[in-house]
There are 2 protein chains.
Amino acid sequence: MNISQAAAATGLSAKTIRYYEQQGVVAPAERSDNGYRTYSSAHIDELKFIKRTRSLGFSLEEGRDLLRLAQDPNRTSAEVKNKALEHIEKITEQIEALDAMRAALLPIVEQCQGDESNECPIIDQLSGRSQ
Amino acid sequence: MNISQAAAATGLSAKTIRYYEQQGVVAPAERSDNGYRTYSSAHIDELKFIKRTRSLGFSLEEGRDLLRLAQDPNRTSAEVKNKALEHIEKITEQIEALDAMRAALLPIVEQCQGDESNECPIIDQLSGRSQ
DNA sequence: CCTTGACCTTCCCCTTGGGGGAAGCTTTAC
DNA sequence: GTAAAGCTTCCCCCAAGGGGAAGGTCAAGG
């Protein structure tokens, strides 16, 4: 299984797969005689695992940690749950920050006529006028 | 007014102020004979303007565009409102993406005992088992 | 007068998660 | 035999600065 086939099998790009290997996130691929990377189904599973962690918003480093836990028979579910809860906390903070921006922006934007005049409460607000 | 005083006046770091100047976001500071940057109240206002756009989640480039509109007497409020609405749209999309992650994560995490056992539905999910 | 500490300057490397593309090899298909 | 496609490594690029080095300047104190 070449890298382009691994890419097709995982939905990742070849570039991304090389990057994950170089970052030590997944086990390095075997090499065939010509130097090409060769992928087993175990590699594919690792790549898919990381893809799922990424889609849930985990960083690559967190994904790597989770993969190690997944492969460690001595892990405890408490360790895993802790990481997940911390991550949920971070997501929640990000949502709150974005909500605050939106809440600050919406009423000002609604006040703006959006016409051909140059008078604009959005600009006034950003300029510190009409505070 | 030196850069550290401008920093104190705006709440930005000196590094950030230099960066904004180098990126062409704000007008370059005057230089005194020793080469030190010198800031007028107009500069301070520009820096504060950009700081407000940043705190509302606008990119530096968007902040620069908004500052140019603010200084352009021929602007229309429609232009400004358009940019603001696009930005709100982006924020909304980000919130939705984060909400989706949280919604996907929460039920799995709740199923996890978080004890000393290695059995863990979070790991199962990430591994594609018990899908 | 001289020194020391606090400024200031530019410069380069670092972060995240890859994308784009060059240079050079190999393999595949016709 | 040759051309296209695939693979390799390598380096530069993005956002928004932070950290810190090397070197010039300025103000205060002994």
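Lettering follows sequence order; numbering is per chain, from 1. Only heavy atoms go into these numbers, but all of them, side chains included; no hydrogens, no water, no symmetry mates.
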Visitor: In whole angstrom, what separates B:Met1's CE from C:dC8's C1'?
Guide: 16 Å
Visitor: Tell me which residues in residues 24-36 of chain B lie within less than 4.0 Å of DNA chain D, going by non-hydrogen atoms.
Guide: B:Asn34, B:Tyr36
Visitor: At 4.0 Å (heavy atoms only), tell me whether A:Arg54 reaches a base, stays on the sugar-phosphate, or touches nothing.
Guide: sugar-phosphate
Visitor: Taking the side chain as every heavy atom from C-beta outward, state whether B:Asp124 and B:Glu119 have any atom pair closer than 4.5 Å.
Guide: yes
Visitor: B:Ile50 CD1 to D:dG17 C1': how many Å, rounded?
Guide: 15 Å
Visitor: Let me know the distance between CG of B:Leu12 and C1' of D:dG18, rounded to the nearest Å.
Guide: 14 Å
Visitor: Give a yes/no on whether any side-chain N or O of A:Ser13 is located under 4.0 angstrom from OP1 or OP2 of C:dG18.
Guide: no
Visitor: Ignoring backbone atoms, establish whether A:Tyr19 has a side-chain N or O less than 4.0 Å from OP1 or OP2 of C:dG19.
Guide: no
Visitor: What is the distance from CD1 of B:Ile3 to C1' of C:dA6, rounded to the nearest Å?
Guide: 15 Å
Visitor: Which heavy atom in B:Lys81 sits nearest to a heavy atom in A:Ile122, and how many Å separate them?
Guide: CA-CD1, 3.9 Å
Visitor: Where the side chain of B:Thr16 is defined as all heavy atoms beyond and including C-beta, which of D:dG18, D:dA16, D:dT9 is the nearest nucleotide?
Guide: D:dG18
Visitor: Output, in order, the C-alpha distance, side-chain angles, deciding distance and verdict of side-chain hydrogen bond (donor to acceptor under 3.5 Å, both in side chains) for B:Ser4 and B:Asn2.
Guide: CA-CA 6 Å; B:Ser4 67; B:Asn2 275 345; 5.4 Å; no
Visitor: What is the distance, rounded to the nearest whole Å, between atom CD of B:Gln23 and atom P of D:dG17?
Guide: 10 Å
Visitor: Yes or no on side-chain hydrogen bond (donor to acceptor under 3.5 Å, both in side chains) for A:Glu46 and A:Gln71, after CA distance, side-chain angles and deciding distance?
Guide: CA-CA 10 Å; A:Glu46 287 196 4; A:Gln71 294 172 341; 2.8 Å; yes
Visitor: Report the C-alpha distance between B:Thr92 and A:Arg102 in whole Å, list the side-chain angles of each, state the deciding distance to 0.1 Å, and finish with yes or no for side-chain hydrogen bond (donor to acceptor under 3.5 Å, both in side chains).
Guide: CA-CA 8 Å; B:Thr92 304; A:Arg102 210 165 72 119; 3.2 Å; yes
Visitor: What is the nucleic acid contact for A:Arg18, judged by heavy atoms within less than 4.0 Å: base, sugar-phosphate only, or nothing?
Guide: base
Visitor: Please confirm whether any donor atom in the side chain of B:Lys15 sits under 3.5 Å from an acceptor in the base of D:dG20, or the reverse.
Guide: yes
Visitor: If the cut-off is 4.0 Å, is A:Arg37 near the phosphate of D:dC7, judged by side-chain N/O to OP1 or OP2?
Guide: no
Visitor: Can you tell me the distance, in whole Å, between the CG atom of B:Asn2 and the C1' atom of D:dT25?
Guide: 11 Å
Visitor: How many whole angstroms separate atom CD of B:Glu21 from atom C1' of D:dA16?
Guide: 16 Å
Visitor: Calculate the interatomic distance between B:Gln94 atom CD and D:dA15 atom P; express it in whole Å.
Guide: 15 Å
Visitor: Rounded to the nearest 0.5 Å, how far does SG of B:Cys120 lie from CD of A:Glu79?
Guide: 10.0 Å
Visitor: Does any part of the side chain of A:Asp65, heavy atoms only, come nearer than 4.5 Å to the side chain of A:Phe58, both counted from C-beta?
Guide: no
